[in-house]
Amino acid sequence: MKVAISACLLGVRCRYDGGASRNEAAIKHKETSELIPVCPEEAGGLPTPRPPAEIVGGDGDDVLNGKAKVMTAEGIDVTDAYLKGAHHALQVAQSNGATHVILKAKSPSCGCGDIYDGTFSGTLTTGDGVTTALLKRHGITVTSM
């Protein structure tokens, strides 16, 4: 089985702050699956490190529908980069036959079920990130860690 996975969970230093979110439980999946790393934010053209960003005005579905934006804490609109990265992650999953994806929790790109609320206060709200929402729309199962 092939599983696409957030590269940061595998220890790649691609998080917004230049760090990684190495997750041993996620890495353990390589015992039963081929893991395919992807970082939607870097694939969308964002540098590492980069300013923190959150979805303002909704969640990933709202971004896909043009009703919300992804903004940095400085007020810069990075929505296009998040959309480009989400489409890249979808292409990676589909071209590799991955029907399951493991993504980084709480991220405006990869969050699944809970994301930051757009106030940059550390407050969580119910919703999915942009990549998660797009993958789900295409029938791909997404979990987060």
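This structure is a prediction, so every number in the text was calculated from the model and none was measured.
Residues V70 and L83 form no side-chain contact, since every pair of their non-hydrogen atoms from C-beta on lies 4.5 Å or further apart. Between H29 and M145, some side-chain heavy-atom pair lies under the 4.5 Å cut-off. Proximity of H138 to Q94: side-chain heavy atoms (C-beta onward) are separated by under 4.5 Å at one or more points.
Closest approach of L9 to A26, counting heavy atoms only: CB-CB, 4.3 Å. Across all their heavy atoms, G127 and D59 have their closest contact at CA-OD2, 3.8 Å.
Hydrophobic clustering (ILVMFWY, side-chain heavy atoms < 4.5 Å, transitive): L90 and L46 are in one cluster. When hydrophobic clusters are built by joining Ile, Leu, Val, Met, Phe, Trp and Tyr residues whose side-chain heavy atoms come closer than 4.5 Å, directly or via intermediates, L134 is not grouped with V3. Hydrophobic clustering of Ile, Leu, Val, Met, Phe, Trp and Tyr side chains at less than 4.5 Å, counting indirect connections, keeps M1 apart from V92.
Shown here are the salt bridge (Lys or Arg N to Asp or Glu O under 4.0 Å) partners of E24, two or more places apart in sequence or in another chain: R22. Among residues two or more places apart in sequence or in another chain, the salt bridge (Lys or Arg N to Asp or Glu O under 4.0 Å) test is passed with D114 by none. Contacts of K69 classified as salt bridge (Lys or Arg N to Asp or Glu O under 4.0 Å), with partners at least two apart in sequence or in another chain: D77.
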Side-chain donor-acceptor contacts of residues 101-108 below 3.5 Å, not counting sequence neighbours, with atom names and distances?
unit_1, atom_1, unit_2, atom_2, d
S107, OG, E41, OE2, 3.4
S107, OG, S109, N, 3.0
S107, OG, C110, N, 3.0

List the atom pairs, with distances to 0.1 Å, where a side-chain N or O of residues 10-21 and a protein N or O form a donor-acceptor pair under 3.5 Å, not counting sequence neighbours.
unit_1, atom_1, unit_2, atom_2, d
R13, NE, G18, O, 3.4
R15, NE, D17, OD1, 3.1
R15, NH1, S21, OG, 3.3
R15, NH2, D17, OD2, 2.9
D17, OD1, G19, N, 2.9

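Legend: salt bridge (Lys or Arg N to Asp or Glu O under 4.0 Å) pairs involving residues 130-145, not counting sequence neighbours, sorted by first then second residue: D61-R137, D128-K136.
Atom CG of N96 sits about 11.5 Å away from atom CG of L35, to the nearest 0.5 Å. Interatomic distance, M71 CE to Y82 OH, rounded to the nearest 0.5 Å: 12.0 Å. Remark: L135 CG to I140 CD1 distance equals 5.0 Å, nearest 0.5 Å.
Checking T125, D117, I115, T79 one by one against I55, the side-chain contact (heavy atoms from CB on, under 4.5 Å) holds for a single residue, I115.
Remark: side-chain polar atoms of T141 are not paired, donor with acceptor, to backbone N or O of H100 under 3.5 angstrom. Under the 3.5 Å distance criterion, the side-chain polar atoms of E54 are matched with a main-chain donor or acceptor of T119.
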